[in-house]
Every structure is written in structure tokens, then in C-alpha cells.
Amino acid sequence: MTNEKLEYLIMLEEEKNVTKAAKRLFITQPTLTTYITNLETNLGFKIFDRSRNPVLLTKAGMIYLEKMKMVVLSLKNVI
């Protein structure tokens, strides 16, 4: 996962709203939704509960996002 894609997840976590997160990322809402949906499909679990407002991380999503942040930080330290 690239830093840019991790930023998509972090922004959605912060904003708790797909439209607002997409605006802050300067991408369209469908682009963000498609990325999240494809990632969740590939992983085999939901990262976000998007059936309600505000959008919230699932328990699996919390763990996944925390692990991805740790991976990115450790890569920065290596490079």
C-alpha cells in the first residue's frame, strides 16, 4: 500500500464521511468509495462500516489501519 492510499484510509477515519474525505483528498467520492470497496474485497473483511453516518472503522479496520501505519513508519526508518 502506498502512502497515498494509506492517507485515503486515515482521511476517511478522521472525517467519518466519504464525501468530506474525498474533498480533502482532492479526489471524487466514487474514486474513494471504489478504492475502499476493492481493498475490503481483496482483504476479505470490512475496514469501515459505511452503512451508517458517521462512517466508522470496524474492529478489524482499527487493527488493519494501526498495522499499516506501523509498516509505513518502519519503512520510513529503513529508507
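Please read all numbers here as calculations on a predicted model, not as lab measurements.
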Inter-residue atom distance Thr31.OG1 - Ile36.CD1, 0.5 Å rounding: 11.5 Å
Working for side chain to side chain contact (heavy atoms under 4.5 Å, CB included), residues Leu6 and Leu65: CA-CA 8 Å; Leu6 179 58; Leu65 189 55; 3.6 Å; yes
Nearest-0.5 Å distance that lies between atom CG in Leu57 and atom CD1 in Ile47: 8.5 Å
Distance, nearest 0.5 Å, that separates OG1 of Thr34 from CD of Gln29: 8.0 Å
Residues Leu12, Tyr35; criterion side chain to side chain contact (heavy atoms under 4.5 Å, CB included); working and verdict: CA-CA 12 Å; Leu12 184 51; Tyr35 172 73; over 6 Å; no
Gap between atom CZ of Phe45 and atom CD1 of Ile63 - 0.5 Å precision: 8.5 Å
Pairwise side-chain contact, Ile10 with Glu14, heavy-atom cut-off 4.5 Å (strictly under): yes
Check ion pair Asp49-Arg52 (N to O, under 4.0 angstrom): yes
Hphob cluster co-occupancy, Leu56 + Leu39, side-chain heavy atoms under 4.5 angstrom: no
Non-neighbouring partners of Phe48 that pass ring pair (Phe, Tyr, Trp, His ring centres under 6.0 Å), sequence neighbours left out: none
Heavy-atom pair with the smallest gap, counting every atom of Arg50 and Val55: CG-CG1, 3.8 Å
From NZ (Lys46) to OG1 (Thr41), nearest 0.5 Å: 6.5 Å
Salt bridge flag under 4.0 Å for residues Glu15 and Lys23: no
Interatomic spacing from CD in Glu7 to CD1 in Ile27 - rounded to 0.5 Å: 9.5 Å
